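Report on the structure given below.
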Amino acid sequence: MSPESVSGATYCGAVTGAQRIAGKVTSVHDGDTITVNGQSIRLDSIDAPELAQAYGAQSREHLSALVLGQQVTVTYAQKDQYDRVLGTVFKPDCSNVNLSQVASGAAWYYEAYKCEIDSHQRTAFAAAQASAKAAAQGLWAAPAVAPWIFRNGVDAKVPASCPNGDAPSN
């Protein structure tokens, strides 16, 4: 990874990763993974229910309605262990698709990775989740098991604070 990809940049007024992929969303795998230009994109800062989990199919449907067949720009700084881009997806109007998934109750804010995004985005994701939960929207309409618990049987460790302050987001 080059130094400029780690240092971050801005896009649509948000601190983001410096690398970009622009193109049409050709498939939606689940509520937090899409394909753009043949590249698998894992939406960062969120975790959606697994397809076999309660609300998994609805989460995927919500993301499909937001982006399938549409032009998007993905900003990122890194890839995950499965060689998927870990990115923030923006629509042409600059709406943040990752945040939209959380705000609608279609995904969780993945706080275990909060130190990888700047404080403004941490605040936005936490507020969006609190609002969706308070309104019993989407997955919050029934008792919900976080996908990381569903997959691993244990809760994710959330840092009490971010030792390096604000990091550029992916």
Side-chain angles (χ1 to χ4, degrees), residues 14 16-17 21 23-117 121-159 169-170:
T16 67
I21 297 171
K24 185 186 280 190
V25 176
T26 55
S27 69
V28 175
H29 175 72
D30 56 24
D32 57 27
T33 308
I34 62 175
T35 302
V36 177
N37 296 346
Q39 177 67 57
S40 184
I41 313 292
R42 171 67 167 77
L43 280 64
D44 71 352
S45 304
I46 74 170
D47 202 2
E50 299 295 330
L51 292 174
Q53 195 176 352
Y55 207 78
Q58 294 93 326
S59 176
R60 177 184 178 186
E61 289 168 16
H62 186 267
L63 184 57
S64 291
L66 284 174
V67 299
L68 186 60
Q70 297 182 38
Q71 293 292 322
V72 297
T73 298
V74 180
T75 63
Y76 70 101
Q78 62 184 336
K79 292 186 176 185
D80 70 7
Q81 64 192 20
Y82 306 108
D83 201 37
R84 296 178 298 187
V85 165
L86 288 172
T88 302
V89 179
F90 292 95
K91 294 178 76 166
D93 67 359
C94 283
S95 58
N96 180 326
V97 174
N98 306 38
L99 186 60
S100 295
Q101 280 292 90
V102 174
S104 68
W108 277 261
Y109 165 37
Y110 209 165
E111 286 187 274
Y113 295 96
K114 72 181 186 178
C115 294
E116 294 181 11
I117 60 175
Q121 289 183 77
R122 287 196 293 268
T123 300
F125 276 103
Q129 180 166 296
S131 179
K133 194 172 185 179
Q137 283 185 274
L139 62 88
W140 302 109
V145 175
W148 52 88
I149 294 173
F150 181 82
R151 287 189 300 268
N152 306 318
V154 295
D155 206 356
K157 294 184 191 226
V158 175
S169 103
N170 298 328

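Starting from 1, each residue takes its place in the sequence as its number. Please read these numbers as outputs of a predicted model, since none were measured by experiment.
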Using distance only, find each side-chain donor-acceptor pair of residues 130-139 under 3.5 Å and give its atom names and separation, not counting sequence neighbours.
none

Query raised in the report: OG/Ser45 to CZ/Arg122 distance, rounded to the nearest 0.5 angstrom?
Result: 10.0 Å

Requested in this report: Search all heavy atoms of Val145 against all heavy atoms of Trp108 and return the closest pair with its distance.
Outcome: O-CH2, 3.3 Å

**Report entry** side chain to side chain contact (heavy atoms under 4.5 Å, CB included) between Tyr113 and Asp44, worked out
**Finding:** CA-CA 9 Å; Tyr113 295 96; Asp44 71 352; over 6 Å; no

Requested in this report: Please check if the side chain of Ser59 supplies one atom and the backbone of Tyr55 the other of a donor-acceptor pair under 3.5 Å.
Outcome: no

Query - Listed partners of Ala156 passing side-chain contact (heavy atoms from CB on, under 4.5 Å), at least two apart - result: Tyr110, Ala112, Trp148

Query raised in the report: Does Asp83 have any side chain to side chain donor-acceptor pair (under 3.5 Å) partners at least two apart in sequence or in another chain, and if so, which?
Result: none

Please table the atom pairs, donor to acceptor, closer than 3.5 Å between any side-chain atom in residues 64-72 and protein atoms at least two apart or in another chain.
residue	atom	partner	partner atom	Å
Ser64	OG	Arg60	O	3.1
Gln70	OE1	Lys91	NZ	3.4
Gln70	NE2	Leu66	O	3.1

Query raised in the report: Please, which pairs that meet salt bridge (Lys or Arg N to Asp or Glu O under 4.0 Å) have at least one residue in residues 49-58, sequence neighbours excluded?
Result: Glu50-Arg151

Query - Shortest non-hydrogen contact from Ala106 toward Pro49 - result: O-CD, 3.5 Å

Query raised in the report: Mind checking what makes side chain to side chain donor-acceptor pair (under 3.5 Å) contact with Ser40, not counting sequence neighbours?
Result: none

Query - Heavy-atom donor-acceptor pair, Gln101 side chain to Asp32 backbone, under 3.5 Å - result: no

Report summary line: Tested for side chain to side chain contact (heavy atoms under 4.5 Å, CB included) against Val85, the lone hit among Val36, Val74, Ile34 is Val74

Requested in this report: Taking all heavy atoms of Thr33 and all of Leu63, pick out the closest pair and write down the distance.
Outcome: N-CD2, 4.2 Å

**Report entry** Within residues 68-99 or reaching into it, pairs that qualify as disulfide bond (SG atoms under 2.5 Å apart) - sequence neighbours excluded
**Finding:** Cys12-Cys94

Query raised in the report: Mind checking whether Tyr109 and Phe125 have parallel, tilted or perpendicular rings, split at 30° and 60°?
Result: parallel

Requested in this report: Measure from the side-chain N and O atoms of Lys114 to the backbone N and O of Pro159, and report whether any donor-acceptor pair falls under 3.5 Å.
Outcome: yes

Requested in this report: Check side chain to side chain donor-acceptor pair (under 3.5 Å) between Asp93 and all other residues, then give those that pass, not counting sequence neighbours.
Outcome: Ser95

Report summary line: Sequence neighbours excluded, the answer for side chain to side chain donor-acceptor pair (under 3.5 Å) partners of Thr73 is Tyr11

Report summary line: In Asn37, Val89, Thr75, the residue satisfying side chain to side chain contact (heavy atoms under 4.5 Å, CB included) with Ile21 is Asn37

Report summary line: Smallest heavy-atom separation, Asn98 atom then Gly87 atom, equals ND2-O, 3.1 Å

Query raised in the report: Ignoring hydrogens and geometry, is there a side-chain-to-backbone donor-acceptor pair from Asp155 to Ile149 under 3.5 Å?
Result: no

Query - Residues forming a salt bridge (charged side-chain N to carboxylate O under 4.0 Å, His left out) with Glu111, sequence neighbours excluded - result: none

Query raised in the report: At what distance, to the nearest 0.5 angstrom, does CD1 of Ile117 lie from OG1 of Thr88?
Result: 8.0 Å

Query - Contacts of type side-chain contact (heavy atoms from CB on, under 4.5 Å), residue Asp80, not counting sequence neighbours - result: Arg42, Tyr82, Arg84, Leu86

